[in-house]
Amino acid sequence: MQDYLKGLNERQREAVITTEGPLMIIAGAGSGKTKVLTTRIAHLMNKGVDAFNILALTFTNKAAAEMKERVEHILANREARNLYIGTFHSVFARILRAEAHRLGYPNAFTIYDTDDAKSVVKAVTQELNLDVQHYKPNAVYNRISGAKNALVGAKEYTTDYYLQQEDMRANRPMIGHIYDAYQKRCFKNGAMDFDDLLFKMYELLKTFPEVLHKYQHKFKYILIDEYQDTNPAQYEIIKLLGAVSENVCVVGDDAQSIYSFRGATIQNILQFQKDYDEVKVIKLEQNYRSTQTILNIANEVIKNNKGQIPKTLFTENSAGEKIKLVRTMTDNDEGKFVADQIQEMRLRNHFKNKEFAILYRTNAQSRSFEESLRRANIPYTIYGGISFYQRKEIKDYIAYLRIIVNPKDEEALKRIINYPVRGIGKTSIDKAILAANERNISMWEVLEDAGASGFRAGTLQAVEEFVLMIKSFHSMLGVKNAYDVAFHVGKQTAFVKELFNDKSTEGVQRYENVQELLNSIKEFTETPASEESGEVGDKSLGAYLQQITLLTDADQKDPDADTVKLMTIHAAKGLEFPVVFVGGLEEGLFPNAMSINTRDELEEERRLFYVAITRAKGRLYLTYANTRYKFGQLQQADASRFIEEIPTEYLDKAFAGGGVKNQGSSKLMGSAFERMNRGFGGGEKSEKSFVSTLIGGNGKPKETAHTPSANFIPSDISKLEEGMRVEHQKFGFGNVVKLEGSSHNPVATIKFEANGEKKIMLNYAKLMIVPNAN
DNA sequence: TCATAGCTACTTTTT
DNA sequence: GTAGCTATGA
């Protein structure tokens, strides 16, 4: 037996050596899915399959990179670099880059990110004389995206009876027309959005049999990761590609399907078995990741969902610790608790920073955790913020590069035509767009022929200079490499100089980012071709631009850095951590208020909770807060219904503090509390109440607002003493009860008249000492 | 044509 | 709390 097969259990081994024919692997959380996939690839190659004939598709670049690395490790040679491993989007983008001309797109087509796409939606909506307030670009874009993921084109959309009925009922009958106009505009701009990468790939294979034939014979072995998250478009493409060899291996877990909002459907798992005559199904049910306790509650929770593929996850790991359930007063307390716990575990148990993960439902929740960690001096990394390439200065720079590569790219053009200011204002831009639409040419072509469009003399000159500049850049493309072109652009356009001259902290940062961008382009140009991209060594600027649009925040961060990781549960899929905190387990937040309208939605939220739980190897904390800031206002929240689905025998409520006493002391009390608070919502009831005293003076849905005195000036906090009377901008007047903390990070406990006792970090809060006190 | 101040609506998850 | 838009004056 080959060495690499030795570390596998029987089922895993079977999954690896069943190389021929359709195979479906149902892989429970932590059952060694990645190990199976990578070993399988290694096994194929060991059997003599050429790396060039293997296609492996994942959902994230991170997963693809990890897979490639592990295959390389098993094989201990450089052959793995020739594998076609990547995300659906990146692999299809690469194929489309070679074939796009067949569909009438430039091969150097631009990939529009969500921002670009929404901007186009907005533009065409306005051009159709529709109200953008009513046809919200966001909503319309989502609808279009949904259609494309289901392989519904614009024409089909506008002629489909049911879709039209649906839009009529929603009082948005023109969405189909916007879709059509949007699609045409993107085509005119030589651009594809994320969904087009799938949709157009499908169209390509359907329309050109010779292309289909080519790729069917190229990809003799196909592997799909996270199969439960594929949408119909992805499904159909795989079906086409795999139709000849039928060597399609899909790996998925229906219990971890969390992307239905993006068009994914579990149906694909069921359908897979119908599409091929003999599908072998292998279930991986032994979990190697988590403790018995964690696995038990995961199983208990998921039981509440109907219609699972029957399977029982088990583990031989020890029972481990109970799950810690923690209730805090506010979201800030929640953050502080987590930071404190991390601090303690680092000291007491010598955990490293990177062994902790803080997971949450929405990105907005990162703030309170971030603040607490920063104050506690614990290094952390937040995933899912805006990516490097989304920063304004980077987008601006990239817009220049985009317009050079693809002059038809109207979004890029609009972005930089007057940045830096060169006297081509909104009026002139609108005029150019109008002319472009009338003559059915691109905006760039209008500018090239500016003399014919009746610009004012001054504007005309500015436009001509601009066109000349871009053309001079463009002429470099064939001669110089991507880095040289980019560097030249930076030198010739005034905006980099402008950034350089801005000596504010942000300005310096922005300039550094631009340097970083240039470094990244340089690195791209200098990395040997086959090293990261499989085969064709396309080192052009166009290839670079297409690649970076598909990069996410996570791809630019080092997972091994010794930092606490903060991310959404979605982003955490596929990862594991020794200690996991799941925050914000509150009704309305998790399950999210947007997703409790149907049974299906709620079940997806529950699967999300399941994913969160199963990220933990050893310790799991579930936390929630009584009150939380939303829209900058304090809001009341009940505990998540998911907490009730965990049998109490697995829970350790010792950390739940005052809040839980209240919850646990009496069922009646709890429900009265709930009833009363519901009544509280809208009205301005009396400030003191039975409830608010019960839970510590903070049971009100809103903080008592305080308008700072007209002469409010923050005082020198070093003069603060216990007993002093102070004013806080938000909390109002109060008395200092206690001073504590180190001298460089003093903390005061202040009893506010209207808002009760609060701990205030003096380095951050602004307090005014009220002079006439004591 | 352009910079700024003030207003509004938004937050679910992502390639 | 903030990005992104509108109104305003220079």
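Lettering follows sequence order; numbering is per chain, from 1. FYI, side chains are in, hydrogens and waters are out, and symmetry mates aren't considered; it's all heavy atoms of this structure.
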Are any protein N/O atoms closer than 3.5 Å to N/O atoms in nucleotides 2-9 of chain C? If there are, list each pair with its distance.
from	atom 1	to	atom 2	distance (Å)
dC5(C)	OP1	K122(A)	NZ	3.3

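- By the 30° and 60° cut-offs, the orientation of the rings of Y360(A) relative to F369(A) is parallel.
- Not counting sequence neighbours, the partners of H570(A) by the ring pair (Phe, Tyr, Trp, His ring centres under 6.0 Å) test are Y259(A), F261(A).
- Heavy-atom neighbours of Q461(A) CD from other residues, nucleotides or ligands within 6.0 Å: at or below the threshold of 12.
- For the OP1/OP2 pair of dT15(B) and a distance below 4.0 Å, the side-chain nitrogens and oxygens of T60(A) include no atom meeting the criterion.
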Which atom pairs link the protein and nucleotides 2-9 of chain B when you take only N or O atoms and keep those under 3.5 Å?
from	atom 1	to	atom 2	distance (Å)
dC2(B)	OP1	N418(A)	ND2	3.4
dC2(B)	OP1	G423(A)	N	3.1
dC2(B)	OP2	N418(A)	ND2	2.8

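- For F194(A), the side-chain atoms get nearest to dT15(B) when compared with the rest of dT15(B), dT11(B), dT1(B).
- Here the side chain of T552(A) is nearest to one of dT14(B), dT15(B), dT11(B), namely dT15(B).
- Taken residue by residue, residues 358-366 of chain A places heavy atoms nearer than 4.0 Å to DNA chain B at R361(A), T362(A), N363(A), A364(A).
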Item to complete: Decide side-chain hydrogen bond (donor to acceptor under 3.5 Å, both in side chains) for D638(A) and Y624(A); before the verdict, give the C-alpha distance in whole Å, the side-chain angles of both, and the deciding distance to 0.1 Å.
Response: CA-CA 9 Å; D638(A) 295 330; Y624(A) 61 112; over 6 Å; no
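- A gap of 23 Å separates the C1' atoms of dT6(C) and dT11(B), to the nearest Å.
- In this structure, D195(A) reaches neither bases nor backbone, as no heavy-atom distance under 4.0 Å exists between it and the strands shown.
- Within the 4.0 angstrom heavy-atom criterion, no nucleotide atom of any strand lies near F88(A).
- The cationic atom of R262(A) (NZ for Lys, CZ for Arg) does not lie both less than 6.0 Å from the six-membered ring centre of F59(A) and within 45° of the ring axis.
- If you check the side chains of T552(A) and D555(A), you find a donor sitting under 3.5 Å from an acceptor.
- Residue pairs meeting the salt bridge (charged side-chain N to carboxylate O under 4.0 Å, His left out) criterion with at least one partner in residues 117-126 of chain A, sequence neighbours excluded, are absent.
- Side-chain atoms of E226(A) and Q228(A) include a donor-acceptor pair closer than 3.5 Å.
- At the phosphate of dT1(B), OP1 or OP2 sits under 4.0 Å from a side-chain N or O atom of S428(A).
- For E605(A), the salt bridge (charged side-chain N to carboxylate O under 4.0 Å, His left out) partners two or more places apart in sequence, or in a different chain, are R361(A).
- The side-chain tip of K565(A) does not point at the ring of Y383(A) from less than 6.0 angstrom away and within 45° of straight on.
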